[in-house]
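Sequential numbering from 1 along the given sequence is applied to the chain's residues.
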Amino acid sequence: MSAASRVALRLSKQEPSLFDRSHRRLNLLTGEYVLVSPHRTQRPWQGKVERVEEALRPPYDPGCYLCPGNARAGGHRNPPYESTFVFDNDFAALSPKGEATQPSSSGGLLQAEPVSGLCKVLCFSPRHDLSLPEMSLPELESVLEAWTAESRELGARPDIQCVQVFENKGELMGCSNPHPHSQIWATEHLPNESAKELLQQRAHFARHGRPLLMDVLDEELRQGERIVVANEGFVALVPFWAQWPFETLVLPRKPLRTLLDLDARDRHLLADLIKRLTTRYDNLFEISFPYSMGFHQAPFDGEAHEEWLLHMHFYPPLLRSATVRKYMVGFEMLGMPGRDITPELAAARLREMSEIHYKQIR
Ligand code: H2U
Ligand code: ZN
């Protein structure tokens with residue numbers, strides 16, 4: 001039995017009291033602990049949550065930098081695109097190898113090294129008003145195809161090791177433009193989160209001969225209480241060690257390592273899962289639910305990476321309502337991240353939600 005299973009078993013069945021008092025849980029992907037203080041907010045959703053009026057967005061906004069045919073902030077003009085649309089970020093945080101002036105490490109106490117990479121923006125569709133849960137399955141499959149094509153092209157470059165696909169959604173997450181879009185940052189080095197996950201997954205594979213996240217998925221399916229939504233290809237769950245109140249982890253049921261491993265059927269199933277999960281998110285507080293989400297793919301370094309399982313993280317900041325967000329401050333900045341509502345309660349709450357989007361009912 002894996003370490004994760006032992007901890008989980010101890011926590012769930014034999015010692016239910018541990019769930020009622022403060023305890024720490026190990027994030028098996030990062031090797032870091034999260035503090036759970038269930039007694040602080042036993043029931044965080046007392047009664048119906050007040051509705052926040054959202055601005056109705058038009059399908060096309062002449063003032064939007066990302067709508068088809070419009071001029072972008074950098075001066076380029078978007079083509080009259082009809083499906084997904086990818087472009088080089090006009091204000092890229094990284095520059096390709098050779099283009100930047102490369103500072104060299106001082107070799108002393110304070111270290112710096114050059115980082116090269118590429119940044120792209122990917123609009124989900126021409127529609128200014130349609131976020132992921134409101135798109136059709138074929139449209140979502142096109143988005144998955146576009147993320148895959150970018151991963152293939154960027155990952156093939158000798159100067160790229162990591163292709164980070166992500167979406168920042170909502171003003172709360174600092175998203176600068178409401179037109180539904182994602183970003184792709186491809187980097188020469190593994191960024192911190194992927195580097196931690198690589199170490200953890202490698203160590204587990206070396207000890208058990210199985211991908212860490214396949215063992216986690218088996219254990220989560222066995223216990224069941226943190227599962228949110230599943231189909232025959234993918235499972236979305238609130239991880240045992242979730243840090244954000246309604247954080248979820250999306251795992252494939254088979255050993256996929258990068259988006260390049262998905263076939264058409266897998267893309268269909270993942271599109272279905274993303275639609276159902278994000279619809280539940282939107283229905284939770286009846287708003288377009290803000291989050292940062294992204295894929296963690298195996299490094300694109302030419303190695304097999306049998307230890308790695310492709311997965312998605314959804315990190316939403318909201319806690320109790322459309323307006324009450326969680327802040328990672330104080331002890332969480334100086335000590336360790338923490339949460340009040342337990343992952344089990346969060347999963348139960350998301351499980352209760354309808355898979356019909358609230359805008360279709362209103
Ligand atoms: P958010 O996903 O956080 O909203 O960021 C949008 C990105 O789009 C941001 O990195 C880029 C910004 O640099 N962008 C352009 O490249 N061109 C534009 O005309 C507007 C925004
Ligand atoms: Zn990850």
*L318 versus P290: any side-chain heavy-atom pair under 4.5 Å?*
yes

*Validation row: N177, C64 side chains within 4.5 angstrom (heavy atoms)*: yes

Distance alone, cut at 3.5 Å: any donor-acceptor contact between the side chains of [X] and [Y]?
X	Y	value
H357	D282	yes
E219	Q223	yes
E141	H268	yes
K169	S288	yes
E197	H311	yes
S37	D340	no
E145	W147	no
H204	D215	yes
S151	Q297	yes

Does [X] use its side chain to pair, donor to acceptor, with the backbone of [Y] at less than 3.5 Å?
X	Y	result
Q200	L28	yes
N70	Y65	no
K275	P133	yes
N27	E32	no
N283	I356	yes
N78	C67	yes
E139	S136	yes
R77	R72	no
Q243	V34	no
R202	E307	no

*Is I361 atom CD1 crowded by more than 12 heavy atoms from other residues, nucleotides or ligands, each under 6.0 Å away?*
yes

If hydrophobic clusters are built from ILVMFWY residues whose side chains come within less than 4.5 Å, do [X] and [Y] share one?
X	Y	answer
M328	F331	no
F240	V36	no
L144	L130	yes
V229	V238	yes
M173	V165	no

*Pair Y281 + F246: ring centers closer than 6.0 Å*: no

*For F289 and Y291, what are the C-alpha separation, side-chain angles and deciding distance, and is it a ring-ring contact (aromatic ring centres under 6.0 Å, His included)?*
CA-CA 7 Å; F289 205 64; Y291 55 67; 7.3 Å; no

Specify the closest pair of heavy atoms between [X] and [Y], including all atoms of both residues, with the distance to one decimal.
X	Y	value
L260	T148	CD1-O, 3.8 Å
C119	A92	CB-CB, 3.8 Å
H23	L18	ND1-O, 2.9 Å
L217	P252	CD2-O, 3.5 Å
W244	P316	CB-O, 3.6 Å
P114	E188	O-OE1, 4.3 Å

Electrostatic pair [X]-[Y], nearest N-O below 4.0 angstrom:
X	Y	result
R210	D218	yes
E332	K326	yes
E220	R226	yes
E344	R25	yes

*Please name all residues satisfying side-chain contact (heavy atoms from CB on, under 4.5 Å) with T187, sequence neighbours left out, ordered by chain then number.*
L94, C162, P191

*Under the side chain to side chain contact (heavy atoms under 4.5 Å, CB included) rule, what do S142 and F124 come out as? Steps first, then yes or no, please.*
CA-CA 8 Å; S142 301; F124 294 151; over 6 Å; no

_L198: hydrophobic cluster co-members (side-chain, 4.5 Å)_ = L190, W308

*Would you call the rings of Y81 and F85 parallel, tilted or perpendicular, where under 30° means parallel and over 60° means perpendicular?*
parallel

_Step-by-step salt bridge (charged side-chain N to carboxylate O under 4.0 Å, His left out) determination, R276 to E355_ = CA-CA 6 Å; R276 292 165 64 191; E355 289 185 354; 2.9 Å; yes

*Please, which pairs that meet side-chain hydrogen bond (donor to acceptor under 3.5 Å, both in side chains) have at least one residue in residues 251-264, sequence neighbours excluded?*
K254-D266

*asked:* Check whether Y327 forms a cation-pi arrangement with R325 (NZ or CZ under 6.0 Å from the six-membered ring centre, at most 45° off the ring normal).
replied: yes

*Carefully, step by step, assess D61 and R127 under the rule salt bridge (charged side-chain N to carboxylate O under 4.0 Å, His left out).*
CA-CA 9 Å; D61 177 352; R127 290 282 297 267; over 6 Å; no

